[in-house]
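What follows is a single structure, written as C-alpha cells, with notes after it.
Hydrogens, waters and symmetry mates are skipped; everything else that's a heavy atom, side chains included, is used.
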Amino acid sequence: MNFISPVNTDLLFEEAQKDALYLKLVEQLNKDFNLANEGVDFPMSISPEELKIQLHEKVYRLIQYKFAEYLNLLYVIDVSEDEIKKLDGSDLVVLAEQVAFLILKREWQKVWFRNKFK
C-alpha cells in the first residue's frame with residue numbers, strides 16, 4: 001500500500017480517523033511545534049474541525065508577527081519548499097490556510113509511514 005497524499009484537510013482527517021491515527025497526528029503536530037519552540041498544546045480531545053481552525057490561526061499569527069519562527073517551523077516539520085513557493089501570498093488568510101494544510105499533509109505522511117513500517 002502506497003502513501004497517497006490527501007487533496008484537502010477534510011479527506012486527510014478522514015484517512016487519519018479511518019486508520020485510527022488521528023491522535024498520532026495531533027501528537028506529531030504538538031511534538032514538531034514544540035521542537036520549533038512554537039509551543040502549541042492541541043489537546044488529544046480536539047475535534048478535526050477545531051484543529052483545523054486553531055492550526056490556521058497559529059500559522060496566520062506566525063506569518064504575520066514571527067516570520068523567522070514561521071520559516072523555522074516549516075524547516076523543522078520539513079514542509080516542501082517548492083510547495084510553499086507555489087502558493088500565492090497576496091492574501092494572508094488564504095496563505096495561512098494553505099500552509100496549514102501543507103503542514104498537516106507532511107505530519108500525516110510521517111505518522112502514516114511510521115505506522116506502516118513499525
Side-chain angles (χ1 to χ4, degrees):
M1 172 145 167
N2 289 331
F3 180 78
I4 295 158
S5 195
V7 290
N8 64 41
T9 309
D10 296 334
L11 289 173
L12 186 149
F13 286 141
E14 225 170 85
E15 279 291 295
Q17 285 171 314
K18 192 175 71 191
D19 293 338
L21 294 173
Y22 176 71
L23 292 180
K24 295 268 185 238
L25 179 64
V26 175
E27 272 173 17
Q28 187 66 47
L29 279 164
N30 282 333
K31 186 179 130 195
D32 283 346
F33 268 83
N34 289 319
L35 272 177
N37 293 319
E38 274 312 316
V40 291
D41 196 11
F42 298 122
M44 288 296 134
S45 58
I46 195 168
S47 70
E49 198 44 48
E50 192 53 37
L51 179 60
K52 184 174 159 180
I53 292 165
Q54 286 189 25
L55 183 62
H56 178 228
E57 285 173 2
K58 178 76 178 172
V59 171
Y60 179 78
R61 284 196 302 272
L62 283 173
I63 293 171
Q64 187 131 20
Y65 305 112
K66 298 167 86 180
F67 200 73
E69 289 87 344
Y70 159 73
L71 294 176
N72 182 51
L73 176 72
L74 295 180
Y75 174 76
V76 168
I77 292 174
D78 188 30
V79 176
S80 156
E81 224 176 291
D82 291 340
E83 287 199 46
I84 294 285
K85 284 181 181 151
K86 283 182 203 155
L87 302 177
D88 171 13
S90 58
D91 181 337
L92 271 194
V93 175
V94 174
L95 178 66
E97 195 174 359
Q98 292 169 329
V99 171
F101 175 56
L102 291 180
I103 288 172
L104 279 171
K105 219 162 57 162
R106 181 65 186 111
E107 298 290 45
W108 169 238
Q109 199 178 16
K110 292 180 195 176
V111 168
W112 189 91
F113 276 105
R114 199 171 301 132
N115 182 58
K116 282 290 173 255
F117 301 105
K118 63 180 176 207

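For the pair L29 and L104, the minimum side-chain heavy-atom distance is below 4.5 Å. I46 is listed as a side-chain neighbour of Y22, based on a closest heavy-atom distance under 4.5 Å.
Applying the 6.0 Å contact sphere to CD of E81 captures no more than 12 heavy atoms from other residues, nucleotides or ligands.
W108 and P6 get closest at one heavy-atom pair: CD1-CG, 3.8 Å. I77 approaches R106 most closely through the heavy-atom pair O-CG, 3.3 Å.
Follow the hydrophobic side-chain contacts under 4.5 Å out from L87 and you reach F101 in the same cluster. A single hydrophobic cluster is not seen to contain both Y75 and I84; linkage of ILVMFWY side chains at heavy-atom distances under 4.5 Å, directly or through other members, places them apart. Taking hydrophobic clusters as Ile, Leu, Val, Met, Phe, Trp and Tyr residues chained together by side-chain heavy-atom distances below 4.5 Å, L71 shares a cluster with L55. By the criterion of side-chain heavy atoms lying less than 4.5 angstrom apart, applied directly or through intervening Ile, Leu, Val, Met, Phe, Trp or Tyr residues, F67 is grouped together with L74 in one hydrophobic cluster. Taken together through direct or relayed side-chain contacts under 4.5 Å among Ile, Leu, Val, Met, Phe, Trp and Tyr, L102 and W112 form part of one hydrophobic cluster.
Using a 30° and 60° split on the angle between ring planes, F113 and F117 fall in the parallel class, below 30°.
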Would you sort out whether V99 and L62 count as a side chain to side chain contact (heavy atoms under 4.5 Å, CB included), showing the intermediate values?
CA-CA 11 Å; V99 171; L62 283 173; over 6 Å; no
Quick one: do E69 and L73 satisfy side chain to side chain contact (heavy atoms under 4.5 Å, CB included)? Show the steps, please.
CA-CA 6 Å; E69 289 87 344; L73 176 72; over 6 Å; no
If you apply the rule side chain to side chain contact (heavy atoms under 4.5 Å, CB included), what do you find for H56 with V93, and how did you get there?
CA-CA 8 Å; H56 178 228; V93 175; 3.8 Å; yes
Please test E14 against L11 for side chain to side chain contact (heavy atoms under 4.5 Å, CB included), starting from the C-alpha separation and ending with a verdict.
CA-CA 5 Å; E14 225 170 85; L11 289 173; 4.0 Å; yes
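With rounding to the nearest 0.5 Å, the separation of CZ in R114 from NZ in K116 is 14.0 Å. In this structure, the separation between CG on L23 and CD on Q28 is 13.0 Å, given to the nearest 0.5 Å. Taken from NZ in K105 to CD1 in I103, the straight-line distance is 12.0 Å, to the nearest 0.5 Å. Once rounded to the nearest 0.5 Å, the distance linking CD1 of I53 with OG of S47 reads 7.0 Å. The OH atom of Y70 sits 13.0 Å away from the OH atom of Y60 when rounded to the nearest 0.5 Å.
A salt bridge between D32 and K110 is present, with a side-chain N of the basic residue lying under 4.0 Å from a carboxylate O of the acidic one. Taking a cutoff of 4.0 Å between a charged side-chain nitrogen and a carboxylate oxygen, E83 and K86 do not qualify as a salt bridge.
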What donor-acceptor contacts under 3.5 angstrom involve side-chain atoms of residues 33-44, with partners at least two apart or in another chain?
from: N34; atom 1: ND2; to: N30; atom 2: O; distance (Å): 2.8
from: E38; atom 1: OE1; to: K58; atom 2: NZ; distance (Å): 3.1
from: E38; atom 1: OE1; to: K66; atom 2: NZ; distance (Å): 3.4
from: E38; atom 1: OE2; to: K66; atom 2: NZ; distance (Å): 3.2

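Residues S90 and D88 bring a donor and an acceptor atom of their side chains to less than 3.5 Å of each other.
Applying the side-chain contact (heavy atoms from CB on, under 4.5 Å) rule to K24 yields the partners L21, E27, V111; only residues at least two apart in sequence or on another chain are considered.
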